[in-house]
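Below, all heavy atoms of this structure are taken into account, side chains as well, without hydrogens, waters or symmetry copies. Lettering of chains follows the sequences in order, A, B, ..., and the numbering in each one begins at 1.
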Amino acid sequence: MEKPQFDNKNNLPDKLLKPYSPADTEDRIYSAWETSGYFNPDRCIEDGVTKADAEHFSIVLPPPNVTGTLHTGHALMLVIQDIMVRYQRMLGKKTLWIPGTDHAAIATQSKVEKLLEKEGIRKSDLGREAFLKRVEQFAQESHDTIVNQAKKMGASLDWSREAYTLDEKRTVAVRTAFKQMYDDELIYRKYRVINWDPKGQTVISDDELVYEERDAMLYTFKYWKDFPISISTTRPETKVGDVAVAVHPDDARYQKFIGQTFTGTFCGVDLSITIIADQGVEPEFGTGALGVTPAHSKVDWEMAQKNNLEVIPVINEFGKMTVGGEKLEGKKTAEARDIIAQWLRDEGLMEKEDKIKQNVSTAERTGAIIEPLPKLQWFIDVNKPIAARENKSLKQLMQDAVSSKEIEILPERFDKNYFYWINNLQDWCISRQIWFGHRIPVWYKNGESYVGIEAPAGEEWEQDPDTLDTWFSAGLWTFSTLGWPEKTKDLATYHPTSVLETGHDILFFWIARMILMSTYLLGEIPFKTVYLHGMVRAANGQKMSKSLGNAAVDPLDIIAKYGNDALRMAMIIGNTPGNDLKLDENDIRGYGKFGNKIWNATRFVLDNIADLDFDEACQLDAEDQISLDELNSLITTVTTEMNEFKFSLAGEKLYHHFWHTFADVIIERSKTKISEGRNVSSAKWILYLELMTLIKALHPFMPFVTEEIWSMLPALNEVEGPATDAKKLLIIEAWPTSA
RNA sequence: GCGCGAUUAGCUCAGUUGGUAGAGCAACUCGUUUACACCGAGAAGGUCGGGGGUUCGAGCCCCUCAUCGCGCACCA
């Protein structure tokens, strides 16, 4: 059967007669926003959109790594932040959202190394300079992709303030921060056992360790026949570096040996073993005695420091043995382990071999098993009292910022994780043996060293070859992006920032480090609210990852299919802070339909209010007045929820009201009134008021379709009557208030 | 080992200070009424993981157990 044609006697725009097409709309709308300049708060002030003395609202975008393209996780972060920013801008605040990218030192370097590997090139073949050129080229390409993607996602970022963690300004910030910390003796260089990644050939911080449970063999044996105590270990190969055996001070079995030294030969290596007492030894585990290898275990290193023991390195940076003659030297640790285990059996020294589960630390980036090694590295002291900060340590500064409620973490339960992490925090190792990143601003000459922003004068000064942990520069992000160390107007206006929105997986890596840097360097918090989102998962709950093959869910594909507005709604509704989000294509499709529903409702309203006389006072009949009251109370509720970061609730209420109250009840009711000529003016007024209000309130959630509709409401943007001045864009329209 | 979270309609999840259980999707029945079939109307569907406690009243607070997931941790 033929469907009756919409007669369009009121000459509605052609595009409004067809179903809504995000693909034909979104790019055009984004360009209009960019051209307007309203992503930049300065422009809003110039044009009188925002008052110069208005309250500020600022967010720094967690800078995506320049390691490739944006994924759904990035899309989620862009959506949540864009909603906040659009809402705050409509409230009339000086609203700034700063974009940027992160050089992501190790991650980017290893990515490029892998690409070069495919070409059969090693980074050592290229040399430092040529290699860095390749990395920078790669980083630039990634950057361009990322920027384009962010724009596709509708992010209302102020591109005029874009920053990069490795650009010139940020380099000055990094060096200034380094120098100040060095001068305050918070940064120091020390030889100690660190986490060595044999694959990445660099030291990594404690936070970059990932523990993996593995099967291991626990060997129980004596070093030699007349040694009085048996020890247990999973790593016999390190025992050639042993200098002591530690027992619990109260252990009756071993007390009599404490303080004695025994010498002998273990697998061809001469050892001198002193029996020491340490509270940390668990009498119940193994034999209750522990072989101490100061060079290859952090715990043992500390025992050695306390007891003044010698440190004997036996493993090198490549995970190979450096002692033991022909039998062991040059062998990989795993091989040496078997050789020693066999030797123990052959010698009749092996007493027990037990299969156990063991947590081994691996490197987050390379997956390699960490080899603890003693090395000279740079550290940040987290316990030293700082005179300029009321003698508080960095640890205390981090703690106080949150415990004082100056910084609020959403959801609140992450407070506990944060405090727990701080309590267990040890000095932060900030040097890395990689090429890509901020080179440590320290120069050496004949045993002399110089720390500064610029290289010292004179030829012979040699800069430290190491680079800084990428989180050092990231820690400065809230203020380095605003111009620090210069005293800029931006810094005065927009810092502390209002909200930091990111995934809970980088609470320690990044959020804690930003709090550290900001409270120390500026004496103020970096942000007031931390909003932590969960991880985006596939519809079946699986983690999206390349190895599972479902990381192929490209946000741009979804946008091409259903539109950005639909993706946004699917990412916001049903999503609460801290909880993972299952992204289901059905939901996205559903919200795509909602966009069309809004579109069609607009067609109906515009067609019916074409002859509405705006000079006449708005007079509503009883039921329409009730509807208006309901609308007002909806807006009040939604506003409260927006202020409390409850975007899911707010979005869902707007969705539901639009569809099931405005469309299903009010529009349907108006048809009867208009066709019967009963309370026609009231019916038209309520159509108009509802549509106007809902389009505005929906804008932060669905910016494209609402802006597009807004542009088709000629001279209707003031309730009082037709506007005569040039039409404003919806992004700078005032957030609706209940009348 | 310590800590955290989840467990609510078939599925995915909301539920803000304790006050008569909600949404979306799916499924069911009916309906093409000129904004929209990317639609409408209607009905159906839950002893809120188990057990105990506090309370006039508990999805929500307390205790306990179970299952799943996550974070942290120097049992060698």
In whole angstrom, what separates [X]'s [atom1] from [N]'s [atom2]?
X	N	atom1	atom2	value
Arg413(A)	A6(B)	CZ	P	6 Å
Ile506(A)	G71(B)	CD1	P	15 Å
Asp584(A)	A23(B)	CG	C1'	15 Å
Asn195(A)	A73(B)	CG	P	11 Å
Ile370(A)	A73(B)	CD1	P	13 Å
Met702(A)	C38(B)	CE	C1'	12 Å
Lys593(A)	C39(B)	NZ	C1'	10 Å
Glu282(A)	G1(B)	CD	C1'	11 Å

Expressed in whole Å, how much space separates the [atom1] atoms belonging to [N] and [M]?
N	M	atom1	value
G10(B)	G46(B)	P	7 Å
G49(B)	G59(B)	C1'	12 Å
C2(B)	G18(B)	C1'	31 Å
A14(B)	U7(B)	P	7 Å
G52(B)	A66(B)	C1'	15 Å
U16(B)	C30(B)	P	39 Å
G57(B)	A21(B)	P	16 Å
C63(B)	G3(B)	P	12 Å

Can you find an N or O donor on one side and an acceptor on the other, under 3.5 Å apart, linking the side chain of Glu668(A) with the base of A41(B)?
no
Quick one: is [N] close enough that its OP1 or OP2 comes under 4.0 Å of any side-chain N or O from [X]?
X	N	value
Tyr211(A)	C74(B)	yes
Lys646(A)	U16(B)	no
Thr576(A)	A14(B)	yes
Asn579(A)	A14(B)	yes
Lys597(A)	G40(B)	yes
Trp659(A)	G40(B)	yes

I'd like to know if the side chain of Asp251(A) and the backbone of Pro283(A) have a donor-acceptor N/O pair within less than 3.5 Å.
no
Taking NZ, NE, NH1 and NH2 as the nitrogens, is one of them in Glu676(A) or Lys671(A) under 4.0 Å from a carboxylate oxygen of the other?
no
If you measure from the Lys or Arg side-chain nitrogens to the Asp or Glu carboxylate oxygens, is any gap between Glu641(A) and Lys646(A) under 4.0 Å?
no
Quick check: closest heavy atoms across Pro198(A) and Ile369(A), and the distance to 0.1 Å?
CD-O, 3.3 Å
Only Watson-Crick and G-U wobble pairs, only distances under 3.5 Å, only runs of 3 or more: what stems does that leave for RNA chain B?
B:1-7 with B:66-72, B:10-13 with B:22-25, B:28-31 with B:39-42, B:49-53 with B:61-65
Please walk me through it: do Arg192(A) and Glu302(A) pass salt bridge (charged side-chain N to carboxylate O under 4.0 Å, His left out)?
CA-CA 9 Å; Arg192(A) 69 157 63 129; Glu302(A) 276 154 33; over 6 Å; no
Of the candidates G3(B), G24(B), A76(B), the side chain of Thr234(A) sits closest to A76(B)
Checking G71(B), C36(B), A76(B) against the side chain of Asn600(A) (C-beta onward), the nearest is C36(B)
So Phe658(A) and Phe594(A), would you call those rings parallel, tilted or perpendicular, with 30° and 60° as cut-offs?
perpendicular
Between Asp664(A) and His656(A), which residue's closest nucleotide on RNA chain B lies nearer the 5′ terminus?
His656(A)
Sugar-phosphate only, base, or nothing, as touched by [X] at under 4.0 Å among non-hydrogen atoms:
X	result
His660(A)	sugar-phosphate
Ile667(A)	base
Ala246(A)	nothing

Decide whether a cation-pi geometry holds between Arg603(A) and Tyr20(A); the criteria are a distance under 6.0 Å from NZ or CZ to the six-membered ring centre and an angle within 45° of the ring axis.
no
Are Lys597(A) and Tyr591(A) in a cation-pi contact, defined as NZ or CZ under 6.0 Å from the six-membered ring centre and within 45° of the axis?
no
Show, in sequence, the C-alpha distance, side-chain angles and deciding distance for Glu351(A) and Thr220(A), and conclude whether the side chain to side chain donor-acceptor pair (under 3.5 Å) test is met.
CA-CA 5 Å; Glu351(A) 291 165 13; Thr220(A) 302; over 6 Å; no
